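Note that the structure is a prediction, hence the values are computed from the model and not measured.
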Amino acid sequence: MSSFRSSRARVLRPTLAIVSSLWLSATLTSCTPCEPVGPLKADPPPSVTPPPPPPKPAGPTEADARAFMADTETQLRAMWSYAQRVQFAQNTNITTDTEQLNAQAQEQVMELVSKKIKEAARFDAVQLSTELRRKFDLLKLAQDLPAPADPSERAELAQLAASMETSYGKAKYCPPRLKGSCLTIDDLSRTLSTSRNYDELAEAWSGWHDLAKTLRGSYVRYVVLANKGAQNAGYADVGAMWRSRYDMSEDAFAAEVERLWEQVRPLYEMLHCYTRMKLRQTYGSRVPENGPIPAHLLGNMWAQEWGNIYPLVAVPGKGAGINLKAKFQQKKTTPIELVKMGESFFKSVGFDPLPDTFWKRSMFVRPKDREVVCHASAWDITSRGDLRIKMCIELDDDNFRTVHHELGHNYYYWYYRDLPILFQQGANDGFHEAIGDAIALSITPSYLQKIGLLDASTQIDDTTFLLHDALEHVAFLPFGKVLDQWRWEVFSGKVRPEDYNKRWWELRTKYQGVAPPVARTDADFDPGAKYHIPSNVPYARYFLARILEFQFHRALCQAAGYSGPLHKCSIYGNQAAGDKMKAMLQLGSSKPWPEALEAIAGTQKMDGAAMLDYYAPLITFLKDQTKSQKCGW
């Protein structure tokens, strides 16, 4: 018994030990939860996934556009300054080398502007501030001579442009009777302005116009290449591009020019009728009673301004008109003194003196030791105030007015010189031409007496003064319109090269009522006898300027507190008028031109009414004088 129990007991003890061990192991591994057997570690922080970045815009942004424009304007300022410097050097010293350098510079300008216009297209659909969008719009129009895409054609166009301008500047007429001596445009223009010999005038006119034949072939090719450049920039042709610069559509601008012409056309036709009647008294039947006036009889190579024939059309018994040429000769006035007189007028209304460099770097007279382009022009080489003029000054009435005109450009440059480079231009190009001309309307008899160019005892009859003035301002109107109207038709392909000259005279006869003094053929290229054709300068600006200058003049006279007849007003010495003009100049092209016009004239519309108001006494006189005439042609 005892053995059995003992044996059983030995067996039971290890069994219990094994069971206890298994229970404890199961308990430790399967308890939920278990008491910790050691200290717990802190849980790691939860994993946080940052939100995805906002999606990038699909296209360029306004910030991109602003950066692009800042870089573009920096490059344009540098390139334009370089090209201006080279062109001024070439214009004032014509050589084979300066012509080539000018061509290279113009090619580089065309290449850069064309490249920037193409690059700017990617911002066309981007919403931009008004100011920034205006810069992009002006960039597209920042070239008078648009570049073809093909590099060889671009180089060819630049060379053509430089060589045509050079050819014009160097041109001389060498009549056989002078046995080797030659006549410049200055010499021939002097003949046109002073001679009263019909045949001598015809020879001078023909001599100059015949020289333009040599430009015809170059011009035909230039039209083809320039049109390729315009089309590359998104325009139908060069004329369409030029007409797009006026804050309106190209068709609207053409209609605006026509509207303004119709406003002033009756005044021109009365002046034409009176002038033709008086010229018949000198030249007899060589001047037709009812037809166009022979173009060489009007005192100017292009029959664009007729002031030089005033003695032939003067009003009997009304006394002589103003003759500044005689006064300059009497006072022994120098060309620089003439320019100083112009500067003095601008200073009298509160404008700054011209910088010292202006007097050191300008060309005032034709040099005797080199060929130059004498056509008067104004410059700011750096677009920061390096002002200059280039003239071959002669001491006469016309040059006195021209000095005021060119200084008007210089002061416009001066007062917008701190604007971004694309805003450094006139509100439209007519504004730039009108500033100096508006000042010149203040060259009244009373003003001339104040500065000693007219004797205090001299009385100038109103009709005499206005008639002389109209022979300059009113006579110009149709020529200012026709020159670009002809080019628009040429660029559009409406006029073929074989009809260039024919169409030129059709338009001049239709609008101006003038005719060539000798027979012309299709081989002639009479448009090329005018500087602005071979030098590629748009011309509608001059027509607009003739309208705008009278609007400006009336507004400035009102600012000066003047209330009498408009033709007797001079703003000389009036700073209130000067401040009004200065405020408009400082806008440059930063605002659309209607806003700039409103700033000075109180209206957003160009209007010929101010011109008609100015000439009101003359209109009455002309109607009376021509009532028995069959006017028109």
Side-chain angles (χ1 to χ4, degrees), residues 256-257 259-268 271 345-346 348-351 401 404-405 408 411-412 426-428 430-448 460 462-463 465-477 480 541-587 593-621:
E256 179 72 352
V257 170
R259 179 186 69 81
L260 292 169
W261 164 245
E262 286 301 319
Q263 271 192 291
V264 296
R265 178 179 56 80
L267 172 56
Y268 174 79
L271 181 66
F345 194 113
F346 284 93
S348 82
V349 297
F351 283 30
R401 281 187 299 273
H404 287 76
H405 174 88
Y411 276 109
Y412 217 151
N428 69 40
F431 278 61
H432 229 302
E433 302 299 334
I435 295 303
D437 290 343
I439 290 292
L441 288 176
S442 284
I443 301 176
T444 60
S446 63
Y447 162 69
L448 294 173
I460 303 296
D462 280 357
T463 302
F465 174 76
L466 287 172
L467 177 59
H468 198 175
D469 195 78
L471 291 171
E472 295 291 333
H473 290 92
V474 178
F476 175 82
L477 289 165
R541 60 184 66 177
Y542 298 101
F543 173 79
L544 298 181
R546 281 295 193 267
I547 302 295
L548 288 167
E549 66 175 288
F550 288 92
Q551 279 188 273
F552 293 171
H553 180 62
R554 181 168 62 184
L556 295 173
C557 289
Q558 290 167 351
Y562 179 82
S563 59
L566 192 55
H567 67 278
K568 291 189 175 183
C569 170
S570 177
I571 64 166
Y572 179 70
N574 191 286
Q575 294 211 11
D579 289 344
K580 195 173 188 71
M581 178 176 279
K582 200 184 302 181
M584 191 268 286
L585 301 183
Q586 290 169 338
L587 291 174
W593 69 259
E595 294 183 33
L597 181 58
E598 187 171 30
I600 191 171
T603 178
Q604 293 197 355
K605 185 177 182 181
M606 291 186 284
D607 187 10
M611 174 182 273
L612 301 178
D613 182 17
Y614 183 95
Y615 288 113
L618 180 66
I619 291 172
T620 300
F621 168 80

> How many angstroms lie between atom CZ of Arg541 and atom CZ of Phe431, to the nearest 0.5 angstrom?
14.0 Å
> List for me each residue that meets side chain to side chain donor-acceptor pair (under 3.5 Å) alongside His473, sequence neighbours excluded, and say none if there are none.
Asp469, Glu549
> Is any side-chain heavy atom of Glu595 less than 4.5 Å from a side-chain heavy atom of Leu587?
no
> With sequence neighbours excluded, tell me which residues meet side-chain contact (heavy atoms from CB on, under 4.5 Å) with Ala601.
Ala555, Leu597, Thr603
> Please report the interatomic distance CZ(Arg401) to CG(Asp437), rounded to the nearest 0.5 Å.
10.0 Å
> So Leu548 and Glu433, do their side chains get closer than 4.5 Å, heavy atoms only?
no
> So does Ser570 get a backbone contact from the side chain of Ser442, meaning a donor-acceptor N/O pair under 3.5 Å?
no
> Please tell me if the side chains of Gln263 and Ile547 come closer than 4.5 Å, counting only heavy atoms from C-beta onward.
no
> Strictly by salt bridge (charged side-chain N to carboxylate O under 4.0 Å, His left out), give each pair with a member in residues 607-616 just once, sequence neighbours left out.
none
> Checking Gln586 now: which residues fulfil side chain to side chain donor-acceptor pair (under 3.5 Å) with it, not counting sequence neighbours?
none
> Sequence neighbours left out, what pairs pass disulfide (SG to SG under 2.5 Å) with at least one residue falling in residues 554-585?
Cys557-Cys569
> Nearest 0.5 Å, what's the CZ-CD1 distance between Phe465 and Ile443?
9.0 Å
> Specify the closest pair of heavy atoms between His567 and Pro617, including all atoms of both residues, with the distance to one decimal.
CE1-CG, 4.0 Å
> Name all residues meeting the side chain to side chain donor-acceptor pair (under 3.5 Å) criterion together with Gln575; count only those two or more places apart in sequence or in a different chain, and write none if there are none.
none
> Which heavy atom in Ile600 sits nearest to a heavy atom in Met581, and how many Å separate them?
CD1-CA, 4.2 Å
> Nearest 0.5 Å, please: how far is CG in Leu556 from CD1 in Ile439?
6.5 Å
> So, using side-chain contact (heavy atoms from CB on, under 4.5 Å) as the criterion, who are the partners of Glu256 when residues are at least two apart?
Met248, Arg259, Leu260, Met606
> Which pair of non-hydrogen atoms, one from Ala576 and one from Ala559, has the smallest distance, and what is that distance?
CB-O, 3.8 Å
> Can you label the angle between the Tyr412 ring and the His432 ring as parallel, tilted or perpendicular, going by 30° and 60°?
tilted
> Could you tell me which residues satisfy salt bridge (Lys or Arg N to Asp or Glu O under 4.0 Å) with Lys605, sequence neighbours excluded, listed by chain and number?
none
> Give the minimum heavy-atom separation between Phe552 and Ala434, together with the two atoms involved.
CE1-CB, 3.7 Å
> By the side chain to side chain donor-acceptor pair (under 3.5 Å) test, which pairs, at least two apart or in different chains, include something from residues 551-560?
none
> Is any side-chain heavy atom of Tyr614 closer than 4.5 Å to a side-chain heavy atom of Leu466?
yes
> Starting at CD1 of Ile435, measure out to CG of Leu585 and round the result to the nearest 0.5 Å.
5.0 Å
> When rounded to the nearest 0.5 angstrom, what is the spacing between CE in Met611 and CG in Leu477?
4.5 Å
> Phe543 versus Val257: any side-chain heavy-atom pair under 4.5 Å?
yes
> Does Val349 have any side-chain contact (heavy atoms from CB on, under 4.5 Å) partners at least two apart in sequence or in another chain, and if so, which?
Phe345, Phe351, Ile571
> Would you please name every residue forming a side chain to side chain donor-acceptor pair (under 3.5 Å) with Thr444, sequence neighbours left out?
Ser446
> Could I get the full list of side-chain contact (heavy atoms from CB on, under 4.5 Å) partners for Ala470, not counting sequence neighbours?
Leu271, Val474, Tyr615, Leu618
